[in-house]
Enquirer: 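Submitted below is the structure of interest, expressed as structure tokens.
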Amino acid sequence: MADTDGERESKEFHVGVPQASDGFFLKGSAHYDWGMKNRLARIFDPASGRTVMLAVDHGYFQGPTTGLERIDLSIVPLVPLADTLMLTRGALRTMIPPASRPAIVLRASGGPSVLKELSNEEIAVDIEDALRLNAAALAVQVFVGGEHETKSIHNLTRLVDAGTRYGVPVLAVTAVGKEMVRDAKYFRLATRICAELGAHYVKTYYVAIGFDTVTSCCPVPIVIAGGKKLPELDALTMARNAIDQGASGVDMGRNIFQSAAPVAMLRAVRAVVHDNATPSEAYELYQKLE
Ligand code: R5P
């Protein structure tokens with residue numbers, strides 16, 4: 001039985017010292033429950049408030065994408081350098097060591113392949129399996145303006161309901177049809193709809209004109225996709241511009257794993273996102289490491 005004889009009456013109670021009741025560092029996230037905040041803090045580094053997500057989920061609709069033919073060989077060495085790994089449960093279970101540290105963002109929608117209408121997705125993961133995999137978030141594609149717009153938004157809202165039940169945030173990924181204009185007006189519409197319908201953060205594309213208006217009217221954090229492979233300096237410049245205009249990080253795939261030096265590129269992207277490096281400083285780092 002615990003011995004209470006030595007208890008000191010007043011000192012350790014710190015009477016008069018108010019208990020800390022801090023806010024939360026992430027945009028729009030102050031009123032979530034503890035588990036949700038804890039998962040978000042595994043995705044977004046509380047020190048910088050930002051994230052470098054490594055996106056390798058492309059196979060879910062396009063099969064063995066260039067650079068992802070052998071995730072065990074090309075991606076596993078990059079895993080320790082990412083804050084977050086975004087991928088399918090199939091790739092996770094079969095190729096990623098369970099001792100990996102980065103938070104897992106699980107691709108949770110799917111259905112059509114590149115051979116079909118891509119907006120015709122369904123929810124592809126049960127919340128129970130996401131919890132079993134210790135997912136830090138669920139990612140769902142949202143096709144605003146697409147043929148199956150309502151269905152994809154319904155996928156989002158159902159995942160938000162399931163995620164909220166268990167404290168798992170949902171990342172809405174704005175998917176733009178080939179025929180649609182990628183401009184600030186479209187991304188304001190798409191990101192705001194996702195946030196209003198409950199997404200905890202939103203992924204979108206960077207646009208050269210008006211990106212700051214996209215981030216300013218979206219009440220949750222925005223991360224940018226990398227998009228198709230660019231020269232390294234251009235990709236680093238895009239990341240810098242996006243951060244300077246209010247993005248909370250990147251969810252980058254091809255510009256990292258299709259780079260001639262993926263480890264160097266991932267370190268350079270981290271320097272931009274977390275250490276506020278300029279594009280030329282980050283490119284210098286890339287060249288030093290490649
Ligand atoms: C695409 O549908 C996937 O969600 C990718 O995760 C996303 O496009 C980001 O990858 P990338 O930087 O290659 O565009």
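Whatever order the structure lists ligands and atoms in, that order sets their numbers, starting from 1. Source: prediction; values computed, not measured.
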Enquirer: Return yes when Gln141 approaches ligand 1 closer than 4.0 angstrom through a heavy atom, no otherwise.
Expert: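 Judged by the 4.0 Å heavy-atom criterion, Gln141 does count as contacting ligand 1.
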Enquirer: What residue and heavy atom of the protein are closest to atom 10 (O) of ligand 1, and at what distance?
Expert: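 Result: His58 NE2, 3.1 Å.
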Enquirer: Closer than 4.0 Å to some heavy atom of Arg107 - which atoms of ligand 1 meet that?
Expert: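 Listed by number with element: 4 (O).
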Enquirer: If we ignore angles and hydrogens, is there a donor and acceptor under 3.5 Å between the side chains of Arg188 and Thr213?
Expert: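 Result is yes, a qualifying pair exists.
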Enquirer: Considering distance alone, does some N or O of Met252 sit under 3.5 Å from an N or O of ligand 1?
Expert: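 No; the residue has no nitrogen or oxygen that sits under 3.5 Å from a nitrogen or oxygen of the ligand.
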Enquirer: Would you say ligand 1 has an N or O under 3.5 Å from any N or O of Asn255?
Expert: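 N/O-N/O distance under 3.5 Å: no.
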Enquirer: Among all the protein's non-hydrogen atoms, which is closest to atom 3 (C) of ligand 1, and how far away is it?
Expert: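 Of the protein heavy atoms, Asp57 OD1, 3.3 Å lies nearest.
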Enquirer: May I ask whether Asp251 has any heavy atom positioned less than 4.0 angstrom from an atom of ligand 1?
Expert: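 Checking ligand 1 against Asp251, which is what was asked, there is a heavy-atom contact under 4.0 Å.
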Enquirer: Just how far is it from atom CD1 of Ile43 to atom CG of Leu85, taken to the nearest 0.5 Å?
Expert: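 Going from the CD1 atom of Ile43 to the CG atom of Leu85 covers 12.0 Å.
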Enquirer: Distance-only criterion, 3.5 Å: show the donor-acceptor pairs between side-chain atoms of residues 258-265 and protein atoms not counting sequence neighbours.
Expert:
from	atom 1	to	atom 2	distance (Å)
Gln258	NE2	Thr66	O	2.9
Ser259	OG	Glu232	OE2	2.8
Ser259	OG	Ala261	N	3.1
Ser259	OG	Tyr286	OH	3.4

Enquirer: Using distance alone, decide if ligand 1 has a nitrogen or oxygen within less than 3.5 Å of any nitrogen or oxygen in Gly226.
Expert: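 Gly226 vs ligand 1: N/O contact under 3.5 Å present.
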Enquirer: Before we go on, tell me: are the rings of Tyr201 and Phe44 under 6.0 Å apart, centre to centre?
Expert: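 Yes, close enough.
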Enquirer: With a cutoff of 4.0 Å, is Lys203 in contact with ligand 1, counting heavy atoms of the residue only?
Expert: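 Checking ligand 1 against Lys203, which is what was asked, there is a heavy-atom contact under 4.0 Å.
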Enquirer: How about Asn134 and Arg39: does a side-chain donor come under 3.5 Å of a side-chain acceptor?
Expert: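 Not at all, the side chains of Asn134 and Arg39 share no donor-acceptor pair under 3.5 Å.
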Enquirer: Please could you name the atoms of ligand 1 that Ala55 approaches to less than 4.0 Å, counting only its heavy atoms?
Expert: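 By the 4.0 Å cutoff, the relevant atoms are 6 (O), 9 (C), 10 (O).
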Enquirer: Tell me whether the centres of the aromatic rings in Phe24 and His31 are closer together than 6.0 Å.
Expert: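 Between Phe24 and His31, the centre distance exceeds or equals 6.0 Å.
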Enquirer: Can you find a side-chain donor-acceptor pair between Ser152 and Ser119 that sits under 3.5 Å?
Expert: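 The answer is no; no qualifying pair exists.
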Enquirer: Assess, by modelled atom type and distance only, whether the side chains of Ser109 and Glu121 contain a donor and an acceptor separated by less than 3.5 Å.
Expert: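 Yes, Glu121 and Ser109 have a side-chain donor paired with an acceptor closer than 3.5 Å.
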Enquirer: Any chance you could measure Gln62, atom CD, to Asp57, atom CG, to the nearest 0.5 Å?
Expert: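 One finds 9.0 Å between CD of Gln62 and CG of Asp57.
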Enquirer: Against heavy atoms of Gly227, which atoms of ligand 1 measure under 4.0 Å?
Expert: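 Here the atoms of ligand 1 in question are 11 (P), 12 (O), 13 (O), 14 (O).
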Enquirer: Suppose I only count heavy atoms of Arg254 and a 4.0 Å limit; which atoms of ligand 1 are within that range?
Expert: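 In order of number, 11 (P), 12 (O), 13 (O), 14 (O).
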Enquirer: Nearest protein heavy atom to atom 1 (C) of ligand 1, by residue and atom, and its distance?
Expert: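 For atom 1 (C) of ligand 1, the nearest protein heavy atom comes out as Phe61 CE2, 4.1 Å.
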